[in-house]
Trainee: 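Below is one structure. I have some questions about it.
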Amino acid sequence: MKDEILLKKSNDDFSDRVLQIVMQIPFGKVTTYGHIAYALGSKKSSRMVGYALNSVHNRDEIPCHRVINRNGELSGKLHFATPTLMRELLEGEGVEFIGEMVNLSKHLWIPETV
DNA sequence: CGGGTGACTTTAC
DNA sequence: CGTAAAGCCACCC
């Protein structure tokens, strides 16, 4: 199971690496596109992170709602089934919101550089 | 091979 | 708080 994830071809594309990091986000935590990109070695490729999530098919395995932009805003909410689903999922995990943004000070999770 | 696009970020005005 | 521009890189046509 998890071994398969770690054993994935070392030649993974950027997208695959993004997905693997998103999968590692702990319950009730969130991270930003920038941090994921940084963990991959290129902070400037933050756009690719969002692009990768859009390309992912197995959403059930990827908690996309835990990936937000630098402001803590749910930039990708419009890509969910409903514009409110993303926030509902996060609140359901105990994530605190400040207006339209997530309280990053409390729930920001930084991925480990693999 | 080139151009358009995008779930981003930063700086600038 | 608003728009604009540049930078970055994968994917699609």
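First the proteins, then the strands, lettered A, B, ... as listed; each starts at 1.
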Trainee: Reading nucleotides 6-13 of chain B from the 5' end, what letters show protein touch, with B for base, S for backbone sugar-phosphate only, - for no heavy atom under 4.0 Å?
Mentor: BBBSS---
Trainee: Any side chain to side chain donor-acceptor pair (under 3.5 Å) involving residues 69-78 of chain A? Give me the pairs, sequence neighbours left out, ordered by first then second residue.
Mentor: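 Residue pairs passing side chain to side chain donor-acceptor pair (under 3.5 Å), neighbours aside: none found.
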Trainee: Please list all pairs passing the salt bridge (Lys or Arg N to Asp or Glu O under 4.0 Å) test where one or both residues lie in residues 27-47 of chain A, with sequence neighbours left out.
Mentor: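 Of all non-adjacent pairs touching residues 27-47 of chain A, none passes salt bridge (Lys or Arg N to Asp or Glu O under 4.0 Å).
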Trainee: Please enumerate all residues that pass salt bridge (charged side-chain N to carboxylate O under 4.0 Å, His left out) together with A/Glu96, with sequence neighbours excluded.
Mentor: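 For A/Glu96, the residues satisfying salt bridge (charged side-chain N to carboxylate O under 4.0 Å, His left out) (neighbours in sequence not counted) are A/Lys106.
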Trainee: Just the rounded figure in Å: distance from P of C/dC8 to CG of A/Leu40.
Mentor: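 For the pair A/Leu40 CG and C/dC8 P, the rounded distance is 17 Å.
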Trainee: Quick one: list whatever passes side chain to side chain donor-acceptor pair (under 3.5 Å) with A/Thr31, sequence neighbours left out.
Mentor: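 None.
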Trainee: Any chance you could pull the hydrophobic cluster mates of A/Tyr38, using side-chain heavy atoms under 4.5 angstrom and chaining through other members?
Mentor: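 Reading the cluster by chain and number, A/Tyr38 sits alone, since nothing else belongs.
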